[in-house]
Every structure is written in structure tokens, then in C-alpha cells.
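Encoded as C-alpha cells, the structure appears first; notes follow it.
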Amino acid sequence: MKHILAMTSLLMYLSTPTAWSQTIQTDISNMKALAAEATTPREISEKFNDVISVKDFGAKGDGMHDDTAAIQAAIGHALATPNYGGRVYFPDGVYLISSALNVAGSGIALIGANANSTILQATFTTGTFINIGSSSSTHNSNIRISNLAFSANHPLITGEAILAQDVNNLNIDHIIMKNNIYDGIRIENPNRGTYGVFISHFWFDSILHDGFVFGKNSKQINPPTDIYLSYGGIQPGQLTAGDAIHAYSFGGLYLTNVDITNKGSNFFTKGLNIEPKHNQVANALICSMCLFDSSRNDNLHIGGEGKVADIQFVNSWASTSIDGDNIVIESGDGILIGSSTIDSAAKNGLVIMGGRNIQINANKILGNGCSSSKKFSGIVINSNISDFTITNNQIGSGGYFATIGSTIKLKHAISLAPGASNGYVIIGNRGTGISDEFIEGDVTGSSRYVAGNIKH
């Protein structure tokens with residue numbers, strides 16, 4: 001009975017016009033307030049800063065007019081916004097530039113509509129497309145370049161598509177290098193500190209010189225630091241191009257899923273060339289799941305006059321050196337070549353010319369010595385090389401070229417040059433198709449252990 005009376009009272013209250021009208025009036029008032037807030041008029045300048053189109057500053061994008069001044073004006077406006085930064089948008093088109101576009105500041109993004117259809121095209125033959133940062137006191141950070149292609153009317157003699165220096169948190173993604181580009185991207189650190197560079201989803205087609213250049217003019221005490229390179233491909237654009245990746249100086253270079261190949265009869269001189277100058281340092285490289293294929297000389301070169309340390313080349317591919325060896329180690333402390341394919345070099349698979357604390361482990365070193373059968377070796381160690389380990393490698397014939405009928409035979413699996421070498425281990429390696437001794441040579445050093453190596 002009590003429940004029935006309570007329900008009756010509730011229904012009477014809800015049916016009271018005063019209660020309903022008060023609730024409805026309150027809701028309507030709240031909705032009106034929200035609507036008024038959402039539709040508050042904004043200044044034209046505020047709307048303009050949401051997306052800054054280069055065409056609003058006079059760029060044509062028709063492949064006929066010089067758009068340099070218009071694009072630079074859009075960049076200047078973006079850097080002068082109240083939040084000190086903004087997005088500069090490039091609609092589909094071909095934008096001719098006659099000189100470098102300069103970005104000195106923070107919080108700016110240059111964004112194209114699509115890298116296949118938004119093109120910056122140089123009319124000059126020497127120089128840079130986009131110059132990020134400078135040697136001035138300007139702080140440069142939080143910069144992005146995305147969805148753009150780079151091309152030139154004529155083959156460039158010097159210069160690069162993107163030059164970045166004294167900048168941190170730089171993001172470059174979804175870009176294409178189309179035609180006549182000399183150097184693709186160069187990262188420097190001349191003065192203030194370049195760190196946190198993220199480059200991904202790129203395709204470099206027909207590079208005339210170097211695809212990437214890291215720290216060419218940087219000092220030993222302050223190399224560009226923490227550079228991440230991932231998901232991209234690099235191809236040369238002339239018979240004797242430079243290097244796909246030329247790393248002079250760095251403090252942390254991380255490569256993953258990068259594909260370097262020839263293009264027809266065009267070849268890079270080297271795939272990855274680590275070559276610090278005498279006053280520079282190249283420290284901490286991790287290269288994983290990368291393919292370095294068909295260079296004219298070395299696919300991987302580790303050396304230079306400066307200091308090299310902590311290099312890892314793992315789970316990757318170094319294949320088909322046209323005139324040289326696949327991997328050459330000239331210097332360095334703490335080098336690991338592991339779980340990788342090293343095959344089809346004209347000469348030797350891997351050559352150790354210098355360095356210490358070197359580990360060669362669990363690689364497939366197959367099908368090398370292509371230019372002259374029974375003359376070269378899978379691994380060559382120069383005299384007076386100490387502190388190295390060679391373990392669990394497959395050396396000799398095999399791999400893809402064996403499956404298509406190649407009968408290449410190496411003279412030796414491992415060749416040790418005469419001379420004193422100390423503190424090394426050679427165990428558990430297997431050779432196939434070796435014409436002479438598995439290990440050639442002997443040394444006079446101490447602390448050596450050689451065991452369990454077989455050929456068949």
C-alpha cells in the first residue's frame with residue numbers, strides 16, 4: 001500500500017506543469033550558452049593561422065612561376081604567430097624555387113598534400129632546397145617536413161634537398177627525392193646541439209652523390225646525436241654515385257628497415273660508410289633489418305681517421321659488391337657483425353684490417369669471390385689484429401646463388417695474415433665448397449683458441 005501511494009505521489013509531481021517547465025527552461029538556457037560560446041566570432045587573423053597555405057601568400061604551384069618569395073613569406077608568417085609556430089600547407093602542385101627556403105625558429109611544419117603530387121622543384125644547380133636552423137643564436141626545435149617531393153630542372157652539382165643544423169626534435173617523413181638531387185639530407189651540429197632527428201617513410205630515387213650525410217662538419221665533442229632512420233629506400237642516379245649513407249660523426253645512429261640497392265647500371269660507391277675525420281667521433285650505431293645491396297665497393301665500411309666505437313650490424317644483408325669486398329673493418333673498438341647475410345662480393349666476404357673487440361657471429365658468408373674462383377676467402381684478418389672472435393658462421397658456397405646453379409668456390413674460409421695477433425677465438429665455423437685449408441696461415445701471438453671448425 002505504501003509503495004502504491006509513493007508511486008502515485010511521484011506521478012502527480014512529474015505531471016505538474018511548474019516542475020517540467022523549470023527543468024526545460026534550465027536545459028534550454030544551458031544549451032543556448034554552449035551554442036553562443038561555440039559560435040563566438042573569431043578574428044580573421046586567428047582563422048588564418050589554423051592552416052597557412054602558401055597559395056594565400058601568392059605561390060602558384062604551376063611549375064612555371066618562381067614561388068620562392070611566396071613560400072618564404074608563408075614560413076615567416078608561421079614563425080611570427082602568437083604561439084611561435086604553425087603549419088605551412090602546400091596544396092598539390094609543382095613549386096619552383098630559385099634559392100634556399102630558410103627555417104630558423106621552432107614549432108613549424110611544412111606539409112604537402114601528397115609526396116607524389118606536391119613537388120619542390122629547384123631551378124638552380126648549386127645550393128639547398130630547405131635550410132633548417134643556422135649557426136646563429138636562434139633556438140630551433142619541434143620542426144616537421146612531411147608529404148613533399150624534391151626535384152630539380154637540371155642535375156645539381158652541389159647541395160642537398162634538406163640541410164638541418166643546430167636543431168632538436170626534427171621530424172622528416174613521407175618524402176620523395178625524384179630527379180637530379182646531389183645529396184638527399186645532411187644533418188650537422190656546428191654549434192648549439194643537434195639531437196632527436198627522426199626520418200621515416202622515404203624514397204630516394206636517382207641520387208647523384210650521397211643519400212644521407214651525418215656530421216661532416218661537426219666537432220668531436222658535439223656530434224649530431226640520436227638520429228633515427230627507418231622505413232625507406234635509396235637508389236643512385238648515376239654510374240658512380242657517392243655513398244648511400246655517409247656517416248662522418250654521430251653519437252647514436254639507429255637504422256632499421258632501410259633498403260639500399262643499385263638502379264640499373266648505376267651504383268653507389270659504398271652502402272653505409274662510417275668515416276669520421278681525425279677530430280671526430282662515430283659512436284653507437286645499431287643497424288637492424290637493413291639491406292645493403294649492389295654497391296660498387298664495400299656495402300659496409302667501418303674506418304676513418306677519427307674514433308669509432310660500439311657498432312652493431314645485425315639481422316641485416318650485405319650483398320653483391322661489384323668490384324670489392326662486402327664488409328671492411330679498418331678501425332673501431334667494440335664491433336659486432338651478427339646473424340646477417342654477407343654474400344656475392346667480387347672479392348672477400350669480410351675483411352678485418354684493424355680494430356679490436358670485434359665479434360663475427362652466426363653469419364651466412366656465402367658465394368663470395370665472384371670475380372675469380374678459388375682466389376679469395378670468406379673472412380680475411382690482417383696481421384697484428386688482436387681481440388677478435390669468429391664463431392658459428394657458415395662460410396663458402398650456398399645461399400641464393402647456389403640455388404640458381406652457381407659453383408663458386410673459395411680458397412679458404414678464413415685467412416690469417418702472418419704476424420702477431422693475440423687474444424682471439426675461432427670456433428664452431430662450418431665451410432662448404434672450400435678448395436684448400438679451412439683456415440690459412442698461422443700467427444705467433446698468444447692467448448689463441450681455435451677448435452671445432454669443419455669443412456665438407
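Residue pairs meeting the salt bridge (charged side-chain N to carboxylate O under 4.0 Å, His left out) criterion with at least one partner in residues 348-369, sequence neighbours excluded, are D333-R356, R356-D387. Residue pairs satisfying the salt bridge (charged side-chain N to carboxylate O under 4.0 Å, His left out) criterion with at least one member in residues 259-273, sequence neighbours excluded, are listed as follows: D205-K263. Pairs engaging residues 282-301 under the salt bridge (charged side-chain N to carboxylate O under 4.0 Å, His left out) rule: R296-D323 [sequence neighbours left out].
The CG atom of N222 sits 12.0 Å away from atom CD of Q280, with the distance rounded to the nearest 0.5 Å. Within the model, atoms CD1 of I337 and CG of L300 stand 5.5 Å from one another, a figure rounded to the nearest 0.5 Å.
Defined by atom type and a distance below 3.5 Å, a donor-acceptor pair is present between the side-chain atoms of Q235 and T261. At a cut-off of 3.5 Å, with distance as the only test, no side-chain donor of H201 or D173 sits close to an acceptor on the other residue. With hydrogens and angles left out, the side-chain atoms of E160 and T128 include a donor and acceptor closer than 3.5 Å. Residues E275 and H301 have side chains that never bring a donor and an acceptor to within less than 3.5 angstrom of each other. A donor-acceptor contact closer than 3.5 angstrom links the side chains of D343 and S319. T123 and S98 are not linked by any side-chain donor-acceptor pair at a separation below 3.5 angstrom, with hydrogens and angles left out of the test. At a cut-off of 3.5 Å, with distance as the only test, no side-chain donor of N348 or S377 sits close to an acceptor on the other residue. In this structure, a donor-acceptor pair under 3.5 Å is absent between the side chains of N114 and D92.
Paired with Y228 under the rule ring-ring contact (aromatic ring centres under 6.0 Å, His included), one option of Y254, Y195, F250 passes, and it is Y254. Tested against I379 for a side chain to side chain contact (heavy atoms under 4.5 Å, CB included), the candidates I395, N368, I426 yield a single pass: I395.
Between F214 and F212, the ring-plane angle classifies as parallel under the 30° and 60° cut-offs.
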Start with the C-alpha gap between N140 and N168, add the side-chain angles, then the distance that decides, and say whether side-chain hydrogen bond (donor to acceptor under 3.5 Å, both in side chains) holds.
CA-CA 7 Å; N140 308 286; N168 64 81; over 6 Å; no

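No cation-pi contact links K60 to Y95, judged by a cut-off of 6.0 Å to the six-membered ring centre and 45° from its axis.
Closest approach of D310 and N283 over heavy atoms only: OD2-OD1, 3.3 Å. Closest approach of I97 to I71, counting heavy atoms only: CG2-CD1, 4.2 Å.
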